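Values below: all heavy atoms of this structure, side chains included; hydrogens, waters and symmetry mates excluded. Values in this document were obtained by computation on a predicted structure and should not be read as measured data.
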Amino acid sequence: MAAENPLESLQEEATCPVCLEYFTDPVTLECGHNFCRACIAQCWEGPDTAASCPQCRETVQQRNLRPNRQLGNMVEIAKRLSFQAAKGAGGGGVCGKHQETLKLFCEEDQTSVCVVCHLSRAHRAHRVVPIEEAAQEYKVKLQGALGPLRKELEESLALTSKEEEKTTEWQGKVKNKREMIAGEFNKLHTLLREEEQLLLQSLEEEERETLHRLRENVTKLSQQSSSLQQLITEIEEKCQQPVAELLKDVKSTLSRSENVKLQEPEAVSTDLKNVYKISLDMREGLKRFGVDVTLDPDTANPHLVLSEDRKRVRHGDTRQDLPDKPERFDTGPNVLGAEGFAGGRRYWEVGVGDKTAWDLGICRESLSRKGKVTLTPEDGYWAVWLRDGKYKALTSLSTPLPVSVRPSRVGIFLDYEAGEVSFYNVTDGSHLFTFTDTFSGTLRPFFSPCVNAEGKNAAPLIICPVPAEAGGNLGP
């Protein structure tokens with residue numbers, strides 16, 4: 001915006017575009033723009049490499065700063081002229097009615113007045129103070145309003161950042177969930193194509209609704225931040241204005257700053273609804289690969305008690321006197337299935353009832369059964385467990401499993417060639433977890449009823465019958 005008079009034009013030309021104050025020790029760049037020496041040095045902090053002009057962004061290959069003495073002289077002239085103009089106007093301008101200097105400020109009418117105005121009937125009964133005193137008082141109030149406003153802005157920006165992080169986190173969760181759903185249904189897509197599409201649509205609707213609410217929060221917070229920034233800028237500019245302009249509508253500005261209240265964003269849950277489940281059709285499809293699993297007594301820890309049909313296992317009260325065979329677990333309360341799988345697809349189910357702790361999965365047949373056992377894929381185990389009411393997939397760092405309905409029966413599906421072991425909550429039909437790896441050699445079902453905990457976990461693990469459906473590709 002152009003200056004309104006020659007003095008203002010001169011002041012504008014004598015102002016540094018970086019600090020917005022009169023030039024101090026002005027220097028000229030190769031592009032012709034001028035800056036305070038200290039300002040340009042601050043802009044170019046760092047190694048002496050190629051720099052750019054803060055005003056036109058033209059690259060300056062060498063920091064060849066030329067002192068501009070003529071501009072420095074012009075600055076001094078501008079300062080003197082500004083001082084003389086302010087002195088001639090008495091610091092507050094001239095009364096348009098009486099042509100007297102505006103030296104007083106009427107508190108009641110919130111306006112600058114001259115001595116004649118003060119003596120007139122219009123202002124005689126009003127409280128007036130010297131204009132400089134009023135300006136200083138209101139300047140202090142205005143500056144005091146900046147602190148709370150800046151704090152509100154800081155909180156608003158922090159909330160905006162959190163909402164944006166939640167948005168990114170939510171999108172990541174949706175991406176992972178989408179991949180899980182797609183992976184599960186790819187295994188049995190011929191049976192469940194329609195259900196896959198319905199579940200993906202449900203997830204997409206939840207994603208769209210939640211993202212819409214999150215983005216609305218971000219938009220509202222951004223608008224709030226913008227309004228706060230505008231008000232702060234307005235107050236900062238007002239503090240730099242001449243006395244008469246500073247006092248104009250100053251109470252209105254203060255009132256607006258005092259009435260600012262940060263609006264908290266709407267609480268939006270970013271927990272996925274646990275509605276993405278396999279249906280009865282999925283289990284019916286898995287039955288095609290059902291296999292009759294029994295327990296191998298030669299691998300059972302001496303504390304474990306197996307049923308005669310080798311379908312149940314529990315932790316006993318005393319250690320049995322059994323031969324210390326190489327294949328027997330001697331430390332952990334573990335036992336393997338008698339059947340080994342070197343290929344194909346297999347599915348079996350285990351009843352866990354109301355047990356408070358258990359381990360289930362598969363492992364390499366070639367593993368040592370002696371000493372402490374570490375249940376991780378790196379050590380040849382792919383398993384899930386229950387401890388202290390929490391379910392986990394025993395990955396390298398363990399993965400918590402979100403379980404909304406406590407499983408009384410767990411389904412285990414091995415796809416050897418695909419390198420996948422999947423676990424299902426048969427009770428509500430939901431998918432628990434899928435390990436992906438590369439298998440070699442023979443794999444065996446793995447079971448651990450865990451210790452009986454003085455009778456609190458005495459119930460057995462039960463291998464449940466899963467009648468195989470005709471036409472299943474069981475593989476070798």
Side-chain angles (χ1 to χ4, degrees), residues 157-222 265-279 281-283 285-286 345 361 376-378 382-385 390-405 407 410-415 417-426 428-439:
L157 292 173
L159 289 172
T160 302
S161 178
K162 286 183 180 179
E163 291 300 302
E164 290 173 343
E165 289 177 2
K166 286 170 66 177
T167 300
T168 301
E169 180 183 353
W170 170 255
Q171 289 176 313
K173 287 183 179 181
V174 170
K175 178 177 179 293
N176 292 337
K177 184 65 72 173
R178 183 182 287 113
E179 291 175 353
M180 182 277 290
I181 292 173
E184 282 302 300
F185 281 96
N186 281 338
K187 289 183 291 190
L188 298 168
H189 63 277
T190 55
L191 295 174
L192 298 170
R193 188 179 301 276
E194 290 184 4
E195 186 170 351
E196 176 186 15
Q197 294 304 317
L198 287 174
L199 289 179
L200 288 174
Q201 181 181 352
S202 175
L203 177 62
E204 187 172 331
E205 289 175 358
E206 184 182 355
E207 174 190 17
R208 181 169 55 252
E209 178 184 349
T210 303
L211 282 178
H212 175 71
R213 294 172 66 190
L214 286 169
R215 285 168 176 161
E216 276 191 341
N217 279 350
V218 172
T219 299
K220 290 177 181 177
L221 286 168
S222 296
E266 175 193 358
V268 180
S269 173
T270 56
D271 293 329
L272 283 168
K273 298 176 183 176
N274 191 29
V275 298
Y276 310 106
K277 304 172 182 176
I278 58 172
S279 69
D281 291 337
M282 173 68 88
R283 184 166 179 253
L286 292 174
R345 288 173 281 185
T376 64
E378 291 79 7
W382 296 266
V384 298
W385 77 7
K390 297 180 180 179
Y391 300 84
K392 290 185 178 181
L394 302 180
T395 52
S396 299
L397 298 176
S398 77
T399 302
L401 303 179
V403 175
S404 58
V405 175
V410 175
I412 303 168
F413 178 61
L414 167 66
D415 189 336
E417 281 72 24
E420 293 183 345
V421 183
S422 299
F423 295 82
Y424 298 93
N425 180 350
V426 178
D428 70 349
S430 63
H431 169 261
L432 293 174
F433 191 77
T434 294
F435 288 91
T436 302
D437 212 325
T438 301
F439 300 136

Trainee: Identify the heavy atoms of Val426 and Gly411 that sit nearest to each other, and give their distance.
Mentor: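 Distance-wise, the nearest heavy atoms are CG2-N, 3.4 Å.
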Trainee: Residues in salt bridge (Lys or Arg N to Asp or Glu O under 4.0 Å) with Lys220, at least two apart?
Mentor: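 Counting only residues at least two positions away or on another chain, Lys220 forms no salt bridge (Lys or Arg N to Asp or Glu O under 4.0 Å).
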Trainee: A side-chain contact here means heavy atoms from C-beta on lying under 4.5 Å apart; do Tyr391 and Leu432 qualify?
Mentor: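 No, side chains not in contact.
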Trainee: Is any side-chain heavy atom of Val421 less than 4.5 Å from a side-chain heavy atom of Ile412?
Mentor: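 A side-chain contact exists here, since the closest heavy-atom pair is under 4.5 Å.
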Trainee: Please examine the side chains of Trp385 and Leu394, heavy atoms only from C-beta on, and report whether any two atoms are closer than 4.5 Å.
Mentor: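 SC-SC contact between Leu394 and Trp385 confirmed.
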Trainee: Is there a side-chain contact between Thr160 and Ser222 in this structure, where contact means two heavy atoms from C-beta onward sitting under 4.5 Å apart?
Mentor: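 Yes, close enough: below the 4.5 Å cut-off.
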Trainee: Nearest 0.5 Å, what's the CG-CD distance between Leu214 and Glu164?
Mentor: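 It is 11.0 Å, given to the nearest 0.5 Å.
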Trainee: Would you give the length of the straight line joining atom CZ of Arg208 to atom CG of Leu203, rounded to the nearest 0.5 angstrom?
Mentor: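 If I round to the nearest 0.5 Å, the distance is 10.5 Å.
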Trainee: Is Thr210 reaching over with its side chain to a backbone N or O of Glu206, donor-acceptor style, under 3.5 angstrom?
Mentor: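 Yes: the side chain of Thr210 pairs with the backbone of Glu206.
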Trainee: Going by heavy atoms in the side chains, are Phe423 and Leu401 under 4.5 Å from each other?
Mentor: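 No, every pair of side-chain atoms sits at 4.5 Å or beyond.
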Trainee: Taking the side chain as C-beta and beyond, is there a heavy-atom pair between Leu414 and Phe439 under 4.5 Å?
Mentor: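 They are in contact (side-chain heavy atoms under 4.5 Å apart), so the answer is yes.
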Trainee: Which heavy atom of Ser404 sits nearest to which heavy atom of Asp428, and what is that distance?
Mentor: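 Looks like OG-OD2, 4.2 Å.
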Trainee: Any chance you could measure Glu163, atom CD, to Leu221, atom CG, to the nearest 0.5 Å?
Mentor: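 Rounded to the nearest 0.5 Å, the CD-CG separation comes out at 6.5 Å.
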Trainee: What distance do Thr434 atom OG1 and Glu179 atom CD have between them, rounded to the nearest 0.5 Å?
Mentor: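 CD of Glu179 is found 12.5 Å from OG1 of Thr434.
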Trainee: Minimum heavy-atom separation for Arg213 to Ala267, with atom names?
Mentor: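 Looking at all heavy atoms of both residues, the closest pair is NH2-O, 3.5 Å.
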Trainee: How would you list, by chain and number, every residue that makes a salt bridge (Lys or Arg N to Asp or Glu O under 4.0 Å) with Glu169, sequence neighbours excluded?
Mentor: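 Glu169 satisfies salt bridge (Lys or Arg N to Asp or Glu O under 4.0 Å) with Lys173 only.
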Trainee: Looking only at non-hydrogen atoms, find the nearest pair between Pro377 and Ser396 and report the distance.
Mentor: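 Reported closest heavy-atom pair: CD-N, 4.5 Å.
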Trainee: Got a second to check how far Arg345's CZ is from Asp415's CG, nearest 0.5 Å?
Mentor: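 Atom-to-atom, Arg345:CZ and Asp415:CG are 5.5 Å apart.
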Trainee: Under the rule for ring-ring contact (aromatic ring centres under 6.0 Å, His included), what residues qualify as partners of Phe433, not counting sequence neighbours?
Mentor: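 For Phe433, the residues satisfying ring-ring contact (aromatic ring centres under 6.0 Å, His included) (neighbours in sequence not counted) are Phe435.
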Trainee: Heavy atoms only: give me the nearest Ser398-Pro400 pair and the separation to one decimal.
Mentor: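 Minimum heavy-atom contact is O-CD, 3.9 Å.
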Trainee: Nearest 0.5 Å, please: how far is CZ in Arg215 from CG in Asn217?
Mentor: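 The distance works out to 12.5 Å.
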Trainee: If we only count heavy atoms from C-beta on, is the Glu205 to Glu209 side-chain gap below 4.5 Å?
Mentor: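 Answer no - side chains too far apart.
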Trainee: Set out, in order, the CA-CA distance, both residues' side-chain angles and the distance that settles side chain to side chain contact (heavy atoms under 4.5 Å, CB included) for Leu211 and Trp170, then state yes or no.
Mentor: CA-CA 8 Å; Leu211 282 178; Trp170 170 255; 3.4 Å; yes
Trainee: Could you tell me whether Arg178 and Glu207 make a salt bridge, using a distance below 4.0 angstrom between a side-chain N and a carboxylate O?
Mentor: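 Answer for the salt bridge query: yes.
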